[in-house]
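Shown next, in structure tokens, is the structure this report addresses.
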There are 2 protein chains.
Amino acid sequence: MTPLDDTRSRMDGLGSEAGICMACGSRSVGLCAPLDATALGDMARATERIHLAPREPLFRQGEPATHVYTLTDGTARLTRVLADGRQAAIGFRFPGDILGFTPGAEHAFGAETLTEATVCRLERKRLDALFRRHPVLERRFLELCARELAATQDHVLALGRFTAEERCAAFLISLAEAQERRGHTGPVFRLHATRADIGEFLGLTLETVSRTFSAFRKRGLIRLHGQSAVELTDRESLVALASGEGGA
Amino acid sequence: MTPLDDTRSRMDGLGSEAGICMACGSRSVGLCAPLDATALGDMARATERIHLAPREPLFRQGEPATHVYTLTDGTARLTRVLADGRQAAIGFRFPGDILGFTPGAEHAFGAETLTEATVCRLERKRLDALFRRHPVLERRFLELCARELAATQDHVLALGRFTAEERCAAFLISLAEAQERRGHTGPVFRLHATRADIGEFLGLTLETVSRTFSAFRKRGLIRLHGQSAVELTDRESLVALASGEGGA
DNA sequence: CGAAAGCTTGACACCGATCAAGTCAGGTGG
DNA sequence: CCACCTGACTTGATCGGTGTCAAGCTTTCG
């Protein structure tokens, strides 16, 4: 009776899987599809590749949004800061995701790399010009924004209603799904985020994340390979936990 | 040094103050501004006024998004449901706000009235037609969506990092600001939401909301007038609490 | 006036934060 | 190649904030 779309990954925040190329050499899919060769050429020429070290900021909250970025390689996280200095991670981003697009003049949140990363950046005014010539592009970004909104709303639910265990399980499942959408196979996933990063995203302390992962390990739900790789050994149970079915 | 935009109301979720008329007779501001008289006329004719009782659903999560609504009178709340039945309020809406717009085919969340309410509803396909003729409208909705996203992200921060007291204070301040943007004057505000509604929005139980309001009352920050009206007697302190400055 | 719904308050339990040691892994320099 | 050093992680003990359960009270409305 409850009208749900169970297929949408809950508590996503793990990338909008836009499948957008933004003219980074490859004209593949998504955003660029409606563009003709000339426009694509223009765009590719206006585009600039940048390499970043781990933990390097791409842009900060409040800065003028002069560029739009596509993450082509590596992992990044988005953070939002409060007046009193507290901050939270609001999402993670993976290759193919767009970063820093906003209709406003300033970035509403900051982005920084977790790993070494490569981004492809385009001047905002070039994008605006493209919008004018291809209004359909704007629709694309609207869809992207709406999907993002739905994911953020799910995250609100998770933070408001989930226990630490449920949040951690949901995080692991989301992470796995995000990587699988990008072609990853097998049960072992790299986290790239520290326990502190994960805690900041889930509204928990790093100790609680660590304890919860340990509990999962003892129950045979996961195995840890070094510090930054997880193997999901009992994905069923994790999914059950993540959707609040309490079992294990 | 921290780049913040303190002016944006945090934890908004209390209406996107779109200032949009959607042709409900009045052609006032916002959305309709770029429209010529003919288009406005078309739209007004396609529009339908609906009256709703308190606690009546406007649409449910998962239903086909056949219409877009403007709330012209009353208060509504938006809720998102999880597979296991848990649900959370993700926002409240006030007169002037748009409800139920999504680029997708189905509603990502449900909406229901809290009070008696009037909405003005427009068929989705009419809106799409309007988009085609006036691409600038799409930009308008993109901005709306982005603002919504920023508000939801702030709510994520609030749920992840705020204590019960801070959340309640932030809620009261946001409520007051939302009503003031709509012309309300004076320190007394009507809630229209029960303690349970507020708790569902803030990720708290109704008992905790009640206790916190009582504590505010005892500290002289608020006065309660009946069950559904609050007077903010020490707004300064509430603002301080809401921004995490811990004082009272 | 009576009933129902909503609110308040209390007692208690429990989850997760905090504080505090340790341990482990990975990188650097000897 | 090993020793060390540092940052990240784990684990334990304790505390406090919220949830839960349970009365009772107040407001609202028929």
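Both backbone and side-chain heavy atoms feed into the values below; hydrogens, waters and symmetry mates do not. Residue numbers start from 1 in every chain, and the chains themselves are labelled A, B, ... in the order their sequence lines are given, proteins ahead of strands.
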Rounded to whole angstrom units, what separation is found between the [atom1] atom of [X] and the [atom2] atom of [N]?
{"X": "A:R217", "N": "C:dC24", "atom1": "CZ", "atom2": "C1'", "result": "12 Å"}
{"X": "A:H192", "N": "D:dC9", "atom1": "NE2", "atom2": "C1'", "result": "18 Å"}
{"X": "A:L191", "N": "D:dC9", "atom1": "CG", "atom2": "C1'", "result": "12 Å"}
{"X": "A:H225", "N": "D:dC9", "atom1": "NE2", "atom2": "C1'", "result": "17 Å"}
{"X": "B:L114", "N": "C:dG6", "atom1": "CG", "atom2": "C1'", "result": "14 Å"}
{"X": "B:D197", "N": "C:dC7", "atom1": "CG", "atom2": "C1'", "result": "13 Å"}
{"X": "B:Q227", "N": "C:dA4", "atom1": "CD", "atom2": "P", "result": "16 Å"}
{"X": "A:L206", "N": "D:dT10", "atom1": "CG", "atom2": "P", "result": "10 Å"}

Assess, by modelled atom type and distance only, whether the side chains of B:S228 and B:R190 contain a donor and an acceptor separated by less than 3.5 Å. yes

Is there a side-chain polar atom (N or O) of [X] under 4.0 Å from OP1 or OP2 of [N]?
{"X": "B:R195", "N": "C:dT9", "answer": "no"}
{"X": "A:S214", "N": "D:dT11", "answer": "yes"}
{"X": "A:R55", "N": "D:dA8", "answer": "no"}

Indicate the ring-plane relationship of A:Y69 and A:H67, choosing parallel, tilted or perpendicular according to the 30° and 60° boundaries. tilted

Measure the acute angle between the ring planes of A:F59 and A:F109, then classify it against the limits of 30° and 60° as parallel, tilted or perpendicular. tilted

Hey, does B:S210 reach any base, or is it just sugar-phosphate, or nothing, if we go heavy atoms under 4.0 Å? base

Sugar-phosphate only, base, or nothing, as touched by A:L224 at under 4.0 Å among non-hydrogen atoms: sugar-phosphate

Are B:I222 and B:L224 close enough, and set up right, to give a side chain to side chain contact (heavy atoms under 4.5 Å, CB included), and what steps lead you there? CA-CA 7 Å; B:I222 64 174; B:L224 298 171; 4.1 Å; yes

Indicate yes or no: does [X] engage [Y] in a salt bridge with an N to O separation below 4.0 Å.
{"X": "A:E200", "Y": "A:R86", "value": "no"}
{"X": "A:R182", "Y": "A:D97", "value": "yes"}
{"X": "A:R49", "Y": "A:D73", "value": "no"}
{"X": "A:E106", "Y": "A:R60", "value": "no"}
{"X": "B:E180", "Y": "B:R235", "value": "yes"}

Nearest heavy atoms of B:L99 and B:A76, plus distance in Å: CD1-CB, 4.4 Å

Here the pair of heavy atoms bringing B:G74 nearest to B:T115 is CA-OG1, 3.4 Å

Checking A:E116 against A:R55 for the salt bridge (Lys or Arg N to Asp or Glu O under 4.0 Å) test, could you report, in this order, the C-alpha distance in whole Å, the side-chain angles of both residues, the deciding distance, and whether it holds? CA-CA 8 Å; A:E116 282 203 24; A:R55 301 281 161 184; over 6 Å; no

Sub-3.5 Å pairs of nitrogen or oxygen atoms, protein against nucleotides 14-18 of chain D:
| unit_1 | atom_1 | unit_2 | atom_2 | d |
| --- | --- | --- | --- | --- |
| D:dT18 | OP1 | B:A164 | N | 3.0 |

Protein-nucleic acid N or O pairs under 3.5 Å, nucleotides 19-22 of chain C:
| unit_1 | atom_1 | unit_2 | atom_2 | d |
| --- | --- | --- | --- | --- |
| C:dC19 | N4 | A:E207 | OE2 | 3.2 |

Bend angle of the helix from C:dC1-D:dG30 to C:dG30-D:dC1, end axes from five pairs each (to 10°): 40°

